[in-house]
Amino acid sequence: MNNKKKNGYSFFGWIKGMLFGMNSMGNPEVSVLEEEQMQGPMRTIVKNFLGNKVAMTATIIFIAIFAACFILPIFYPLDLTFSDVTQQNVGPGFSMMKVPKKLEHNIADISSGSSFGVGVDNEGQVYVFGKFTDKKLGQIPENMGKIVDVEAGHNHILALNDQGKLFTWGYDRFGLGKIPLDVKDMSGKIKEIGAGYHISYVVSDKGEVIFWGNDNLLDIDISPVQKNVEKIVFNTSTAMAITKDGKTEVLCKTELPIKNVPDEAKTGAIDIALSEKAAAAITKDGKLIVWGSNANGELNVPEEAQGKFVKVEAGRNHFTALTSDGKVYSWGIDNYGQTDIPASVAKSNIVDIKSDCHQNYAIDENGNLHKWGLKGYLMGTDGSGRDIFTRLVAGGRMTMTVGAIAVIISTVIGIIVGGFSGYYGGKIDNILMRLAEIVGALPFLPFAMILSTIVGNKVNETQRIAIIMVILGILSWPGIARLVRAQILAEREKEFVTAAKAMGINEMSIIFRHILPNVITVIIVNVTLHFASSMLTESTLSFIGFGVVEPNPTWGNMLKGCQDSKIISEFWWRWVFPAIALSLSTISINIIGEGLRDAIDPKSKER
């Protein structure tokens, strides 16, 4: 190995040898009797660029970002209409369903919140896990005794011990942090507890229901079933109950699709569940009836299991059900894998299930826990509960596309104007260069802001994006035009141009087929540098609200929503990842441009 290093042998030396006919020392392979061959200019440029380690590193980084932005959206499609209030500002990581090992094989009950979970073992010990949107979630109260039932809300927890005493902790606004006095004074014992989106509720053995928290969010009238409730379930806006006399009642005040309970489910239901847009009920004969909206496929009940269902649970947009023979079925939306049942569940005899939010848990006959659904986010979520990673790659595609098309427009205009101006000179040169000075003198950002305000809502988002690209291109060509003009002024005096004129070649062909190829390398360098500035300009416009607007993502408008000091300090992932992506891309492009300039003009290093 030492001899190889001493002789200068390396893998990169072999690569150069393959590309440029060099030996492992990096020197051309020529015999002492041979005259050294001259390399073509393009080959020299490529060799110089490949030898620039900084430029090559920047190239690799940019290619990786570019590939991610244009390939990953195929596998991670962006739904512009999606938002989820339960997933707002969740930090990066995949620990939402990271159940403690002590609980996995000794579990009595489990429940999921928006990004965390709570479980209790057979000894009544409570465990919390996942990502805590409120630090108080991890502060389990002491001396609770033996807990027999736990329920997780959006960001708070409710627990009941074997003595009938109730405990709560976590988010404490809207009165959630305290047990109401009327709960303590209930005429009967607590039979059922529950927690939802900023609410908690209890049901006594006498059918009395008491709920507390932010009840302004609820469209509910509980009076028809009060003191007659056998079971009640809530979603983020309303509730549904089974009464002691066997009736199924949806308790929303307004007319919604779920309010119209099918005749089959109106009486005799043994279990019910309520997602955001659909309701489900199991009849005495094991048939599962689902009604409401089918926007997420929640009405598509597995027909092969009809007549066997014994329990049904609902998440935000999916249902999970258990059959009498221990089989589990999940259906509905599958954006987080919440309906993708693991093989271990299919092979086991399941005795109980629990679904909340976007998570599912199943307990088999041996007490082992199985889980599937949302485990977390690579880069966290934003203020609307949207996955930042998905929006980042889609936003990068938008930012790069706008920048690239703007550069193409400005380059085409600049080459045409600069070509004519440099070749013909005289009055044509004066007119075109004065035009370039007028366009270059226009203040771009104020002009774009004024135009955006005038256009306003008169165009759709696609047209708005097209206008931005055209404006960027039309107002950016003067620099390229002056560069092309200067290069052609020098080239037009050379002998090959005179020879072409003498042969009667068309002037358009002389400009664009003979002169332009000789200066194209300089144009490429300028275009590369201009691409980075166009990306920054688009991001600036989107950041100040005059470019691409929500819900279409760009790196600029992703940063727009991060100006609040609370977001900067507490939700760092919302601005760090878009800022890193934009910075790495523009810096890499600038370094690539500098590397190309050095490769084309080696003397530039000396200046």
Side-chain angles (χ1 to χ4, degrees), residues 67-94 96-97 112 114-115 131 133 154 197 235-237 257 275-278 292-300 314-320 330-340 355-360 372-402 460-466 542 547-562 571 573-575 577-578 581:
C69 291
F70 282 85
I71 295 175
L72 290 181
I74 299 173
F75 304 99
Y76 299 93
L78 179 66
D79 182 0
L80 296 176
T81 63
F82 177 82
S83 65
D84 190 344
V85 295
T86 68
Q87 299 298 303
Q88 295 174 340
N89 299 316
V90 177
F94 297 95
M96 288 186 184
M97 301 181 74
S112 294
S114 58
S115 60
K131 302 196 73 63
T133 52
H154 172 55
Y197 186 67
N235 60 17
T236 59
S237 59
S275 69
E276 285 304 299
K277 296 181 179 180
S293 171
N294 197 35
N296 299 310
E298 290 151 285
L299 305 189
N300 303 330
R316 285 273 291 165
N317 299 293
H318 77 285
F319 288 107
T320 298
S330 286
W331 66 96
I333 197 169
D334 192 35
N335 54 337
Y336 299 123
Q338 58 266 53
T339 65
D340 187 12
S355 292
D356 295 285
C357 206
H358 305 295
Q359 290 82 16
N360 301 279
W372 66 99
L374 177 61
K375 297 178 176 63
Y377 304 91
L378 179 64
M379 296 181 179
T381 64
D382 63 10
S384 298
R386 300 170 298 191
D387 182 19
I388 286 179
F389 173 72
T390 304
R391 291 183 63 79
L392 187 74
V393 294
R397 180 173 59 181
M398 178 66 73
T399 298
M400 290 184 185
T401 300
V402 171
N460 59 39
E461 188 60 21
T462 302
Q463 293 171 330
R464 186 188 184 93
I465 294 168
S542 298
V548 181
V549 296
E550 296 276 4
N552 287 292
T554 72
W555 290 339
N557 66 24
M558 288 181 72
L559 291 169
K560 179 186 176 183
C562 305
F571 310 134
W573 56 90
R574 287 183 55 181
W575 61 270
F577 294 116

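This is a predicted model, so every value here is computed, not measured.
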Exercise for the section: Please identify each residue that fulfils side-chain contact (heavy atoms from CB on, under 4.5 Å) with L80, with sequence neighbours left out. Expected result: L78, P551, N552, P553
Completion exercise
Here the pair of heavy atoms bringing F94 nearest to Y377 is CZ-C, 3.9 Å
Practice task
Quick one: list whatever passes side-chain contact (heavy atoms from CB on, under 4.5 Å) with F82, sequence neighbours left out.
Solution key: D79, D84, N335, Y336, R386
Exercise for the section: With sequence neighbours left out, write down each residue that passes side-chain contact (heavy atoms from CB on, under 4.5 Å) with S542, or none if nothing qualifies. Expected result: E538, V548, T554, N557
Exercise for the section: Might you confirm whether atom NZ of K131 has over 12 heavy atoms from other residues, nucleotides or ligands at distances under 6.0 Å? Expected result: yes
Handout entry: Set of ring pair (Phe, Tyr, Trp, His ring centres under 6.0 Å) partners for F70, sequence neighbours left out
Key = F66
Handout entry: Residue pair N89 / T133, side-chain heavy-atom distance below 4.5 Å
Key = no
Exercise for the section: Determine, step by step, whether N317 and Q338 satisfy the side-chain contact (heavy atoms from CB on, under 4.5 Å) criterion, reporting the C-alpha distance in whole Å, the side-chain angles of both residues, the deciding distance to 0.1 Å, and the verdict. Expected result: CA-CA 9 Å; N317 299 293; Q338 58 266 53; 5.5 Å; no
Practice task
Could I get the full list of side-chain contact (heavy atoms from CB on, under 4.5 Å) partners for A278, not counting sequence neighbours?
Solution key: S275, V290, E298, L299, F319
Problem - Validation row: M96, H358 side chains within 4.5 angstrom (heavy atoms) - result: no
Fill in the blank from the handout: Minimal heavy-atom distance between S293 and P257, with the atoms involved, is N-CB, 4.3 Å
Practice task
With sequence neighbours excluded, tell me which residues meet side chain to side chain donor-acceptor pair (under 3.5 Å) with R397.
Solution key: none
Handout entry: OG1-CE distance between T390 and M379, expressed to the nearest 0.5 angstrom
Key = 10.0 Å
Problem - Nearest non-hydrogen partners of N360 and M97, listed with the distance - result: O-CE, 3.5 Å
Practice task
Could you pull out all residues at least two apart from S330 that satisfy side chain to side chain donor-acceptor pair (under 3.5 Å)?
Solution key: T320
Practice task
Only counting residues at least two apart or in another chain, list the ones meeting side chain to side chain donor-acceptor pair (under 3.5 Å) with D334.
Solution key: T339
Practice task
Quick one: list whatever passes salt bridge (Lys or Arg N to Asp or Glu O under 4.0 Å) with R574, sequence neighbours left out.
Solution key: none
Exercise for the section: Hey, could you give me the OG/CD distance between S83 and E550, rounded to the nearest 0.5 Å? Expected result: 11.0 Å
Fill in the blank from the handout: Shortest non-hydrogen pair, C357 vs S114, comes out as SG-CA, 3.9 Å
Exercise for the section: Go through the steps for T86 and Y197 under the test side-chain contact (heavy atoms from CB on, under 4.5 Å), then give the verdict. Expected result: CA-CA 8 Å; T86 68; Y197 186 67; 4.3 Å; yes
Exercise for the section: Starting at OG of S115, measure out to NE2 of H154 and round the result to the nearest 0.5 Å. Expected result: 8.0 Å
Practice task
Kindly write out the residues that satisfy ring pair (Phe, Tyr, Trp, His ring centres under 6.0 Å) with W573, not counting sequence neighbours, or none if the list is empty.
Solution key: F571
Problem - Smallest separation among heavy atoms of W555 and L392, with atom names - result: NE1-O, 2.9 Å
Exercise for the section: To the nearest 0.5 angstrom, please state how far the CG atom of L374 sits from the CD atom of Q359. Expected result: 5.0 Å
Handout entry: Under the side chain to side chain donor-acceptor pair (under 3.5 Å) test, residues paired with E276 that sit two or more places apart
Key = T236, R316
Handout entry: Exam field: side chain T381 to backbone Q87, donor-acceptor pair closer than 3.5 Å
Key = yes
Exercise for the section: Heavy atoms only: give me the nearest D387-G380 pair and the separation to one decimal. Expected result: OD1-O, 3.5 Å
